[in-house]
Amino acid sequence: MGKINRKIKFPGKQVLKKLNTRGKILEKLIPYGRQFIDEHDIQAVIEVLRSDLITQGPKTAEFESALCDFTNAGFAVAVNSGTSALHIACMAANIGEGDEVITSPITFVASANCVVYCGGKPVFADIDPKTYNISPEEIEKKINKRTKAVIPVHFAGQSCDMETIQQIVKKAEKKYGHKIFIIEDACHALGSQYKKNKVGSCVFSDMVIMSFHPVKHITTGEGGVVLTNSNELNKKLTMFRSHGITSEPEEILSRDLAFTSLNNPNPWYYEQQTLGYNYRITNIQAALGLSQLEKLSMFSTQRRAIVDKYNTAFKGLESLQIPFELESCNSNFHLYVILFDFAAMGLDRAQLMLLFREKGFNTQVHYIPVHLQYYYRKNFNTDWGDCPNAEDYYKKCLSIPLYPTMDQEDIEMVIKAVVHQASQ
Ligand SMILES: Cc1ncc(COP(=O)(O)O)c(C=O)c1O
């Protein structure tokens, strides 16, 4: 990844404008997360727009190669969203009817939906109440002969206990006599480290997923990637990204259609070998991703500085709990989640969110436990009581603003409001 040798200029205050029906600004709110796009990003996109190739092309390959360099993964398959990345990863892991896949309830629904797209059944293993990540012990309880994969989610940026998860999975593979894939959902964790390995290196897994949605560490508008060290998985993922088609002469199966009588490949020939999708990322998005990746270390420094300020300001306040950080991980903090003791504060979460809005900033709940979503309760018979730690976490959690371009005034406003409410 190239070093930045130009000065990055931060924009002025970034706010959401709440408008009335006639477009009049009613209030200005800072969001809980947002992208940072500078002139360099814009120029990178313009350059592609002026070129001949705007769909998948050389910038995609360059972006993939930069992601491999950054994470130390062997292969990268960039796609049009983190959700698509999860879907093709489940396809590459051969998830199908009758298969179970264990994941966390504290995640975005996409981490479980990808299993359902393939006809499999998501199984929710409860979280560790300290880290809010999936608990390895709970995985061990849920793993059985039908388990085909585990999707640990590195919540808010802090890595799951991957070494223990890998040991549990290896033990189960031996016991049940089949491969169990580990697919890390690292949509929150680009730039994080676990036991000195970059998240994305696939040291403890078969595949790692990232998302480039605007609230994430870097953005391509919409976008995602699957990282892997397996040549075989890379080939499958590449095909699933584009309709199940290959044009590589050495991979062709229908030789009668592909080759001339002199055994030369027909120049027009492409071959659909399996069922895939159009999940391609464009050259335009990849150019933006490359330019964003150059700024990742600056983004991480900024995020860490804000987290340090929050930690210092909120430490010792009895009616809230700040994020717990494991020594074995270095989180790139996608989110800053506070657990509030609403009963002690004498108000509920909706009231607190409203009070914070009145002070000038938005907050968000990450997440409604997936097993409590209507769809899962209706179709997979999940309910309250399935994952008590996740449910307890859900009742208290609130994410406050965290993004690299928050200025001192924004940070102080948030701190002042949180300290005020928590000290009532
Ligand atoms: C943990 C997690 N997994 C998957 C996704 C899906 O990524 P995308 O929005 O790029 O499809 C998200 C995005 O919000 C996420 O937070």
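Whatever order the structure lists ligands and atoms in, that order sets their numbers, starting from 1. Values reported hereafter were calculated over all heavy atoms of this structure, with side chains retained and with hydrogens, waters and symmetry mates removed.
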**Q.** ring pair (Phe, Tyr, Trp, His ring centres under 6.0 Å) between Phe240 and His87, intermediate numbers included
**A.** CA-CA 9 Å; Phe240 292 141; His87 185 190; 8.5 Å; no
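Ordered by chain and residue number, the residues placing a heavy atom less than 4.0 Å from ligand 1 are Ser81, Gly82, Thr83, Leu86, Thr107, Phe108, Ala110, Ser111, Val153, Asp185, Cys187, His188, Ser211, Lys216, Gly223, Tyr367.
No more than 12 heavy atoms of other residues, nucleotides or ligands shown are found within 6.0 angstrom of NZ on Lys396.
Exactly one residue among Asp386, Thr382, Asn113 makes a side-chain hydrogen bond (donor to acceptor under 3.5 Å, both in side chains) with Tyr376. That residue is Asn113. Residue Glu138 forms a side chain to side chain contact (heavy atoms under 4.5 Å, CB included) with just one option from Asp126, Asn389, Ile102, and that option is Asp126.
At a threshold of 4.5 Å between non-hydrogen side-chain atoms, the residues Cys187 and Ile209 count as touching.
Defined by atom type and a distance below 3.5 Å, a donor-acceptor pair is missing between the side-chain atoms of Ser104 and Thr107.
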